[in-house]
There are 2 protein chains.
Amino acid sequence: MFRGNHPARMDEKGRLKLPAEFKRRIDEQYGAQFYITSKDGKVAEIHPLQEWEKFEQKLAAIPNFNPAKKKLLDRLNYYGQMAEMDAQGRVLLPQILRESAKVTGDVVVFGMQTYLEVANHEAFKKNMDENPLTPEDEQALAGFGL
Amino acid sequence: MFRGNHPARMDEKGRLKLPAEFKRRIDEQYGAQFYITSKDGKVAEIHPLQEWEKFEQKLAAIPNFNPAKKKLLDRLNYYGQMAEMDAQGRVLLPQILRESAKVTGDVVVFGMQTYLEVANHEAFKKNMDENPLTPEDEQALAGFGL
DNA sequence: TCCACTTTCAACCACTTTCGACCACCTCAT
DNA sequence: ATGAGGTGGTCGAAAGTGGTTGAAAGTGGA
C-alpha cells in the first residue's frame with residue numbers, strides 16, 4: 001500500500017527518480033514494470049503492471065460499445081505507456097503526458113494505495129482548493145461506511 | 001493485450017511501422033495478418049485476423065435486418081481491407097482510410113486491448129477535449145465496479 | 001480473348017537515429 | 001567518514017526510415 005507524498009525532480013531526459021520509500025515497497029512487492037497513464041491528462045499515474053492488469057480485467061468485462069468505457073479507454077491509452085524502472089530507481093514518463101500534465105522540474109509524487117501519482121505541485125494544490133469536499137461527497141462516503 | 005500510445009510516422013508510400021512493443025506482442029501471440037478498418041472513417045483500426053474473427057462471430061449472431069448492424073457492417077466493409085506485416089514490421093494502410101482519417105505524416109498508434117488504433121494526433125486530441133468524461137460517465141463506470 | 005504494356009506493391013537491403021542499460025560521480029545526513 | 005539517495009552522461013543494441021527491384025495484378029488495344 002502506497003501512501004504519503006514526496007517531493008521529486010524530473011531530469012531533462014524526462015526520467016523520474018522514484019522516492020526511496022516507494023522504491024523499497026516496489027522492490028519487495030512488485031516487479032520493475034509499470035504502466036504509466038492518466039485519466040485526464042493532468043495527473044500522471046504510475047501503476048505496477050501487476051496491479052494494472054487487475055484493473056484491465058474489470059475493464060475488459062464492459063462491452064466495447066459502452067460510451068463511457070470508450071471515453072475512458074481512449075484517455076488511458078492516449079496518455080499511457082509501458083515503462084521499466086532502471087537500477088537507480090528511475091522511470092521514463094511518456095512525453096505526451098509530461099507536456100500535458102506539466103510535470104517537469106520540481107514535482108510531487110504521492111502514494112494512492114495501489115499506484116503512484118505525479119503532479120505539478122502548484123496545479124495540484126490549486127485544483128484541491130477549488131474543489132473542496134462537499135457535504136454531498138461526505139454523504140456518499142458515509143454510504144460506504146466511512 | 002495491447003495498451004498505451006506510441007508516436008509513429010506514415011511514409012509517403014502509406015506504410016506504417018508498428019511500434020516495437022506492439023510488434024513483439026503480435027509476433028508471439030498472433031500472425032502477421034490483419035484486418036484494417038474503421039467504424040467512422042476517423043480512426044483506423046488494425047485488428048489481428050484472429051481477434052477480428054471473434055468479433056465477426058458475435059456480429060453474425062445479430063439478425064441481418066437489424067438496422068444498427070447494417071449500418072455498422074456497411075462502414076466496416078467500406079473502409080476495410082486485409083493487410084500483411086512485412087519483415088520490418090510495417091503494414092500498408094488502405095488509401096481510402098488514410099485520406100478519410102487523415103493519417104499521414106506524424107500519427108499516434110495506440111493499443112485498445114485486442115487491436116490497435118491509428119489516428120491523426122491533433123484530430124484525436126481535439127475530439128477527446130470536446131468530449132470529456134462526464135459525471136454521468138463516471139457514475140456508469142462506478143456501476144461496473146471501477 | 002489474348003497479348004503487350006503499365007502500374008502497383010510486397011520483399012529485401014542498407015543506412016540512420018534513438019533510448020535504455022550501465023557507469024561514475026555528487027550530495028547530504030548521521 | 002561512510003553509505004545511501006540522488007544526478008548526469010555515454011555508448012551500443014535495437015528501433016525506425018528510405019530506397020530499389022522483381023513479380024504480380026491491372027488495363028487497354030487489336
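Labels below follow one simple rule: chain letters A, B, ... track the order of the sequence lines, proteins then strands, and each chain is numbered from 1.
Between the side chain of Arg15(A) and the backbone N or O of Met10(A), no donor-acceptor pair lies under 3.5 Å. Side-chain N or O atoms of Thr37(B) include one that pairs as donor or acceptor with a backbone N or O of Leu76(B) at under 3.5 Å. A donor-acceptor contact shorter than 3.5 Å links the side chain of Ser38(A) to the backbone of Val43(A).
Side-chain atoms of Asn64(B) and Lys70(B) include no donor-acceptor pair closer than 3.5 Å. In this model, no donor atom of one side chain and acceptor atom of the other lie less than 3.5 Å apart for Glu51(B) and Tyr115(B). In the model, Gln57(B) has no side-chain atom that pairs as donor or acceptor with a side-chain atom of Glu53(B) under 3.5 Å.
A salt bridge does not link Glu21(A) to Arg25(A): none of the charged nitrogens lies less than 4.0 Å from a carboxylate oxygen.
In this structure, Asp27(B) places its CG atom 14 Å from C1' of dA14(D), rounding to the nearest Å. Rounded to whole angstrom, the span from the CE atom of Met85(A) across to the P atom of dG6(D) amounts to 13 Å. In this entry the distance linking CD of Glu84(B) with P of dC12(C) reads 11 Å, nearest Å. Rounded to an integer number of Å, the gap from Asp11(B) CG to dC15(C) C1' is 15 Å. Atom-to-atom, CG of Asp86(B) to P of dA15(D) comes out at 15 Å; the value is rounded to the nearest Å. Taking atom CZ of residue Arg15(A) and atom P of nucleotide dG8(D), one finds them 8 Å apart after rounding to whole Å. In this entry the distance linking CG of Leu18(B) with C1' of dA14(D) reads 16 Å, nearest Å. Look at CG on Asp106(B): it is 14 Å from P on dG16(D), rounded to the nearest Å.
Across all strands shown, Ala20(A) has heavy atoms under 4.0 Å from sugar-phosphate atoms exclusively, and none from any base. Among the protein residues, Glu12(A) comes within range of the sugar-phosphate backbone only, with heavy atoms under 4.0 Å from sugar or phosphate atoms but none that close to a base.
Using a 4.5 Å cut-off between side-chain heavy atoms of Ile, Leu, Val, Met, Phe, Trp and Tyr, with links allowed through other members, Met82(A) and Tyr78(A) fall into the same hydrophobic cluster.
No hydrogens or angles were tested; on distance alone, a donor-acceptor pair under 3.5 Å links the side chain of Lys13(A) to the base of dT10(D).
Residue Lys17(B) places none of its side-chain N or O atoms closer than 4.0 Å to OP1 or OP2 of dT17(D).
Annotation: of the two residues near DNA chain D, Met10(B) and Arg24(B), the 5′-most nearest-nucleotide partner is Arg24(B).
Ring-centre distance between Tyr35(A) and Phe55(A): not below the 6.0 Å cut-off. Aromatic ring centroids of Phe2(B) and His47(B) lie 6.0 Å or more apart. Side-chain rings of His6(B) and Phe22(B) approach one another, their centers coming within less than 6.0 Å.
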- Steps toward salt bridge (Lys or Arg N to Asp or Glu O under 4.0 Å) verdict (Glu130(B), Lys126(B)): CA-CA 6 Å; Glu130(B) 286 170 2; Lys126(B) 187 156 171 283; 3.4 Å; yes
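The stretch residues 88-104 of chain A comes close to DNA chain D through Gln88(A), Arg90(A), each having a heavy atom under 4.0 Å from the strand.
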Short heteroatom pairs, N/O only, protein and nucleotides 27-29 of chain C, under 3.5 Å:
none

Tabulate protein N/O versus nucleotide N/O from nucleotides 1-3 of chain D, keeping only pairs under 3.5 Å, one per line.
none

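Out of dG5(D), dA11(C), dT7(D), the shortest distance to the side chain of Arg9(A) is found at dT7(D).
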